[in-house]
Amino acid sequence: MAEPVLPPTAQQLATVYDALYTARAGSPIVKQLYAAAMGDVYPAEVGASSSCDWPLLGTMVANLRLRPGARLVDVGCGTGGAGLWLARALSVSVTGIDVSAVAVQMAAGRLEEFGLPADRAEFRRGSLADTGLPARYADGLICVDAIGFERDRQRTLEEIRRVLKPGARAVLTSGRSRAKPVLPPWPEQAKAADLILDAEDERPHEPAMWERLYRLWIEHEAELRAQVGHAQADSMLTEARTRGPALGERTSLTVTLRRPES
């Protein structure tokens, strides 16, 4: 499979994330602060820079319903932790897709860490709206904290449908403002993409986790600047100060979509 050429907007996003993953690669403080914010629901082995916690992993296991030997796709995979964990736990193979070449390289280097042979995992560059994967490729798909960064939600959901085999499921994390929702409710979004909404579960603990994390970033500004550099620290602190105040109006969800059998 040839890797897709990223459109300009995706390439810009790739540049941003290449810098982020490069800066965080040698920074223990970032993982330490995620662990402190999540507490005992932090899956240390996954090491995700996202809201991926033990409850979310459990939901993905339950809702994907994958059989041994199946093919899982992890879009917006980052450094691959969630997909690799699921591949090992469920005896499946995983294909990870991310816009960041740095993240893809880091993910590919973690197979030994999870005890997976080379034929059970591959990581490739692509975007959520253009994965570069064949149609009807995946027995299951996950997307953790990435769908909100795609401008064209409809195209992204249509790509997810295209990649899924008939009857296969996708588990996504999503958020919306209770005060000023930008997108239609999930039943409408699913129907517009010819997908079936299997489940829409609220994660009531997630906004509080982000609130704790943002507070820790601000409290540890000096350490962040020393370890990830001023540019990345500025980006993290700006995120904390702009998104933090809106968390009280945020609803966090795990959404399970299914491609129809026909």
Side-chain angles (χ1 to χ4, degrees), residues 1-17 20 48-52 56 59-60 63-64 71-78 80 82-83 86 94-101 103-104 107 123-177 181-201 203 206 250-260:
M1 294 180 290
E3 294 204 3
V5 176
L6 299 180
T9 52
Q11 184 56 59
Q12 292 165 5
L13 193 63
T15 301
V16 170
Y17 278 98
L20 181 150
S49 298
S50 68
S51 65
C52 184
L56 179 58
T59 297
M60 291 192 289
N63 291 9
L64 288 169
R71 169 65 67 178
L72 172 68
V73 169
D74 182 358
V75 287
C77 66
L86 288 166
V94 62
T95 299
I97 303 292
D98 201 277
V99 296
S100 169
V104 165
F123 294 91
R124 307 176 65 248
R125 204 164 175 236
S127 67
L128 272 66
D130 185 5
T131 62
L133 297 174
R136 302 187 175 202
Y137 176 80
D139 298 293
L141 182 148
I142 61 170
C143 180
V144 180
D145 293 357
I147 197 168
F149 293 101
E150 285 289 346
R151 296 183 180 181
D152 192 337
R153 175 67 64 86
Q154 179 71 20
R155 183 180 172 189
T156 298
L157 292 177
E158 289 172 354
E159 175 70 354
I160 288 172
R161 184 193 186 282
R162 186 189 71 81
V163 169
L164 288 174
K165 293 179 181 179
R169 294 173 173 83
V171 178
L172 324 172
T173 60
S174 175
R176 65 167 178 251
S177 169
V182 175
L183 294 167
W186 267 106
E188 295 180 26
Q189 293 185 58
K191 184 177 180 181
D194 193 21
L195 289 163
I196 297 166
L197 179 66
D198 261 8
E200 182 179 358
D201 302 309
R203 284 166 51 83
E206 188 187 316
R250 176 183 168 86
T251 298
S252 298
L253 301 168
T254 305
V255 177
T256 303
L257 305 171
R258 176 165 46 92
R259 177 170 172 164

Visitor: Whether R250 and E206 form a salt bridge (side-chain N of Lys/Arg under 4.0 Å from carboxylate O of Asp/Glu) is what I want to check.
Guide: yes

Visitor: Which pair of non-hydrogen atoms, one from R136 and one from P166, has the smallest distance, and what is that distance?
Guide: NH1-CG, 3.6 Å

Visitor: Rounded to the nearest 0.5 Å, how far does CG of L141 lie from OG1 of T95?
Guide: 10.0 Å

Visitor: For the atom pair CG (L164) and CZ (R259), what is the distance rounded to the nearest 0.5 Å?
Guide: 7.5 Å

Visitor: Is D98 paired with R125 through a side-chain N to carboxylate O contact shorter than 4.0 Å?
Guide: no

Visitor: Any side-chain heavy-atom pair from V255 and I147 closer than 4.5 angstrom?
Guide: no

Visitor: Is it true that a side-chain atom of T173 and a backbone atom of D145 form a donor plus acceptor pair closer than 3.5 Å?
Guide: yes

Visitor: Would you compute the distance between atom CG of D194 and atom CD of E158 and round it to the nearest 0.5 angstrom?
Guide: 9.5 Å

Visitor: Run the side-chain contact (heavy atoms from CB on, under 4.5 Å) test on D74 and I97 for me, step by step, so that the C-alpha distance in whole Å, both residues' side-chain angles and the decisive distance to 0.1 Å come before the verdict.
Guide: CA-CA 6 Å; D74 182 358; I97 303 292; over 6 Å; no

Visitor: Is R176 salt-bridged to E200, cutoff N-O under 4.0 Å?
Guide: yes

Visitor: So does P184 get a backbone contact from the side chain of Q189, meaning a donor-acceptor N/O pair under 3.5 Å?
Guide: yes

Visitor: How far apart are the closest heavy atoms of V104 and F123, and which atoms are they?
Guide: CG1-O, 3.3 Å

Visitor: How many angstroms lie between CZ in R153 and OG in S174, if you round to the nearest 0.5 Å?
Guide: 5.0 Å

Visitor: Heavy atoms only: give me the nearest A146-G76 pair and the separation to one decimal.
Guide: CB-CA, 4.1 Å

Visitor: Taking all non-hydrogen atoms of both residues, which atom of L56 and which atom of S51 are closest, and how far apart?
Guide: CD2-O, 4.3 Å

Visitor: Pairing donors with acceptors under 3.5 angstrom, does anything connect the side chains of Y137 and T131?
Guide: no

Visitor: Using the rule given for side-chain contact (heavy atoms from CB on, under 4.5 Å), can you reason through R203 versus T254, listing the C-alpha separation, both sets of side-chain angles and the distance that settles it, and then say yes or no?
Guide: CA-CA 7 Å; R203 284 166 51 83; T254 305; 2.9 Å; yes

Visitor: Considering only NZ, NE, NH1 and NH2 on the basic side and carboxylate oxygens on the acidic side, decide whether R162 and E159 come within less than 4.0 Å.
Guide: yes

Visitor: Using only atom types and a distance under 3.5 Å, with no angle test, would you say the side chain of Q154 pairs donor to acceptor with the backbone of A192?
Guide: yes

Visitor: When rounded to the nearest 0.5 angstrom, what distance separates CG in D152 from CG in L157?
Guide: 9.0 Å

Visitor: What's the spacing between F149 CZ and T156 OG1 if we round to 0.5 Å?
Guide: 13.0 Å

Visitor: Which atom pair, heavy atoms only, marks the closest approach of R155 to A129?
Guide: NE-O, 3.6 Å

Visitor: Assess whether side-chain contact (heavy atoms from CB on, under 4.5 Å) is satisfied between L72 and I142, documenting all intermediate values.
Guide: CA-CA 8 Å; L72 172 68; I142 61 170; 4.2 Å; yes

Visitor: Which residues satisfy the side-chain hydrogen bond (donor to acceptor under 3.5 Å, both in side chains) test with D139, sequence neighbours excluded?
Guide: K165

Visitor: At their closest point, which heavy atom of V73 faces which heavy atom of A138, and how far apart are they?
Guide: CG2-CB, 3.6 Å

Visitor: Using the side-chain hydrogen bond (donor to acceptor under 3.5 Å, both in side chains) criterion, which residues pair with T251? Sequence neighbours excluded.
Guide: R178

Visitor: A side-chain contact here means heavy atoms from C-beta on lying under 4.5 Å apart; do L172 and I160 qualify?
Guide: yes

Visitor: For T256 and D198, does a side-chain donor sit closer than 3.5 Å to a side-chain acceptor?
Guide: no

Visitor: List the steps, then state whether side-chain contact (heavy atoms from CB on, under 4.5 Å) holds for L197 with L257.
Guide: CA-CA 5 Å; L197 179 66; L257 305 171; 3.8 Å; yes

